[in-house]
Trainee: 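Have a look at this one.
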Amino acid sequence: MQCIKCGSENVLIQTEQCNAKTRTRKNGCLWTIGRACLIICTLGLWLIIGKRKATSNTHFVNCTVAVCQNCGNKWEIKAVK
Ligand SMILES: [Zn+2]
């Protein structure tokens, strides 16, 4: 393993949690209004659904990250399957 920036072999491999795929989407105004509507329309049923969804949605994606100890460069290593 070599640093792609400075070429140093002093690279630390570590595993990080990245849930980028599910949580990076920003909630717009439309979604806030829509959700408020849903809560009102379903008389709180949405909250129950939301709760149930939250328990089953605790899914984290682990990604391997390499950190160069020489220059501090950090990059993601794609998992080999
Ligand atoms: Zn480096």
Side-chain angles (χ1 to χ4, degrees):
M1 182 58 70
Q2 267 191 332
C3 175
I4 49 169
K5 202 174 178 183
C6 67
S8 169
E9 285 183 22
N10 190 15
V11 175
L12 187 79
I13 311 291
Q14 57 188 40
T15 311
E16 280 187 2
Q17 269 186 354
C18 49
N19 48 349
K21 275 180 185 174
T22 46
R23 293 289 173 192
T24 43
R25 197 169 55 180
K26 283 177 184 175
N27 291 336
C29 288
L30 203 72
W31 169 241
T32 311
I33 296 158
R35 200 167 67 168
C37 258
L38 268 165
I39 292 164
I40 295 158
C41 288
T42 57
L43 297 165
L45 192 74
W46 174 258
L47 292 171
I48 301 159
I49 298 162
K51 246 183 191 176
R52 196 185 289 166
K53 207 176 180 183
T55 48
S56 62
N57 207 21
T58 44
H59 177 249
F60 293 101
V61 180
N62 284 328
C63 57
T64 313
V65 175
V67 182
C68 177
Q69 302 297 293
N70 202 36
C71 69
N73 185 35
K74 190 176 173 184
W75 70 97
E76 194 182 318
I77 303 162
K78 276 168 188 173
V80 182
K81 279 177 185 177

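First listed ligand is number 1; within each ligand, the first listed atom is number 1. Treat the numbers as computed from the prediction; the structure is a model and nothing was measured.
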Trainee: Would you kindly confirm whether I40 and I33 end up in one hydrophobic cluster when ILVMFWY residues are joined by side chain heavy atoms under 4.5 Å apart?
Mentor: no
Trainee: What salt bridge (Lys or Arg N to Asp or Glu O under 4.0 Å) pairs are there with at least one residue in residues 62-75, not counting sequence neighbours?
Mentor: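 Non-adjacent pairs meeting salt bridge (Lys or Arg N to Asp or Glu O under 4.0 Å): E16-K74.
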Trainee: Apart from L12 itself, what residues make up its hydrophobic cluster, given side-chain heavy atom links below 4.5 Å?
Mentor: none
Trainee: Tell me how many protein N, O or S atoms are within a distance shorter than 2.8 Å of the Zn ion (ligand 1).
Mentor: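 N, O or S atoms of the protein closer than 2.8 Å: 4.
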Trainee: Of the non-hydrogen atoms in Q2 and W75, which two are nearest, and what is the gap between them?
Mentor: O-CZ2, 3.6 Å
Trainee: Which atom pair, heavy atoms only, marks the closest approach of C6 to N70?
Mentor: SG-ND2, 3.7 Å
Trainee: Quick one: hydrophobic cluster around V65, which other residues, with the 4.5 Å side-chain cut-off, linked directly or via members?
Mentor: V67
